[in-house]
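Protein chains get the first letters and strands the later ones, always in sequence-line order, with residue 1 at the start of each.
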2 protein chains.
Amino acid sequence: MSTQVERPTGLFSGDAFDSSCPSRSVLDHVTSKWAVLVLVVLSREDHRFSALRRAVDGISEKMLAQTLRTLEGDGFVHREVAATTPPQVSYGLTELGRGVTGHLAGLVGWIEDRIPEVLAARERA
Amino acid sequence: MSTQVERPTGLFSGDAFDSSCPSRSVLDHVTSKWAVLVLVVLSREDHRFSALRRAVDGISEKMLAQTLRTLEGDGFVHREVAATTPPQVSYGLTELGRGVTGHLAGLVGWIEDRIPEVLAARERA
DNA sequence: CAGTATCCGTTGCGATACTG
DNA sequence: CAGTATCGCAACGGATACTG
């Protein structure tokens, strides 16, 4: 029992958050470059593929498709196909998806608020 | 004025969050593979370089150094050198860093809680 | 201890083209 | 519209070696 904890409580080394833990992969999926933006956009309302592509500035079709499949695989995004011609596919958040996205939206909002301070820090650096 | 909003309120396309906006780069830095983990570890207590390396399972020296420099550049992490021999360098969060990390920790905690549900979704997929 | 530098395989990701 | 397939470069990131 050292007073200085060299070995943390157990989340990041040798326990729940070590590199082999599934939490890591979920975290990676959810915080990936595009997933954050896609999730936050979807939290506002369901979107069709093309609308999503336009809403997330700069994303390619390939990355959008890939991101959506990953998110769907983890149960965050729900895909719904309407049997019309031409077929309309719409994406939305699942209950689980709304959960993560709540945290993500908080993060994104915070960053927007504090951008000036970060920019100021960059000046100094 | 369409009832279906094709053009979102303005955060993700043509406004604050478009691809050229600095918010994007801050978001990318903060949500990068290792930054999330480093920040959450630092939120518990200050760490020396080696302790940090041990606490974040799987990180290489290179990526730890690189992550710390980026985070320091954005004003989230504070580096302190003690003039001893051998020199001891310790890293901690700045006020700004504690702000983002609050959101990050919430996200990480949520994921840990809900891992079973995500795993179940993966089974089905 | 606290890093930096170099090498180099792996992956991310955009561009382009094609399908139902 | 809603994707999939293939290519190819650039960045990511690990291993190793070297420095103050």
Side chain of [X] only, heavy atoms from C-beta on: which candidate in [options] is closest?
X       : options              : result
A:Ser50 : C:dC1, D:dA2, C:dC13 : D:dA2
A:Trp34 : C:dA2, C:dC1, C:dG14 : C:dG14
A:Lys33 : D:dG3, C:dC13, D:dC1 : C:dC13

Round to the nearest Å and state the distance from [X] atom [atom1] to [N] atom [atom2].
X       : N      : atom1 : atom2 : value
B:Arg53 : C:dC1  : CZ    : C1'   : 13 Å
A:Leu64 : C:dG14 : CG    : C1'   : 14 Å
A:Ile59 : C:dG12 : CD1   : P     : 14 Å
B:Met63 : C:dG3  : CE    : P     : 15 Å
B:Leu52 : C:dG3  : CG    : P     : 10 Å

Next on the checklist: Any donor-acceptor pair under 3.5 Å linking the side-chain atoms of A:Thr101 with those of A:Arg44?
Outcome noted: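 No, because no side-chain N or O of A:Arg44 sits under 3.5 Å from a partner of the opposite role on A:Thr101.
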Checklist outcome for this item: One should read off an interatomic distance between A:Arg24 CZ and B:Leu37 CG, to the nearest 0.5 angstrom, of 4.5 Å
Next on the checklist: Between the opening five pairs and the closing five pairs of the helix from C:dC1-D:dG20 to C:dG20-D:dC1, how far apart are the helix axes, to 10°?
Outcome noted: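 What I find for the helix from C:dC1-D:dG20 to C:dG20-D:dC1 is an axis angle of 40°.
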Between the protein and nucleotides 15-17 of chain C, which nitrogen or oxygen pairs come in under 3.5 angstrom?
none

Checklist entry - Any Lys/Arg nitrogen of B:Arg114 or B:Glu117 sitting under 4.0 Å from an Asp/Glu carboxylate oxygen of the other? => result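 Yes, B:Arg114 and B:Glu117 are salt-bridged.
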Checklist entry - Is a side-chain donor or acceptor of A:His47 paired with a backbone partner of A:Glu45 at a separation under 3.5 angstrom? => result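 Yes, because the side chain of A:His47 sits within donor-acceptor range (under 3.5 Å) of the backbone of A:Glu45.
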Checklist entry - Does B:Arg48 use its side chain to pair, donor to acceptor, with the backbone of B:Gln88 at less than 3.5 Å? => result no
Checklist entry - Passes side-chain contact (heavy atoms from CB on, under 4.5 Å), B:Phe76 versus B:Val100? Steps please. => result CA-CA 8 Å; B:Phe76 295 129; B:Val100 241; 3.5 Å; yes
Item to check | Interface with DNA chain C, restricted to residues 66-82 of chain B and to heavy atoms under 4.0 Å | outcome: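 When residues 66-82 of chain B is checked for heavy atoms under 4.0 Å from DNA chain C, the hits, listed by number, are B:Arg69, B:Arg79.
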Checklist entry - Are A:Arg48 and D:dA2 close enough that a side-chain N or O sits under 4.0 Å from OP1 or OP2? => result yes
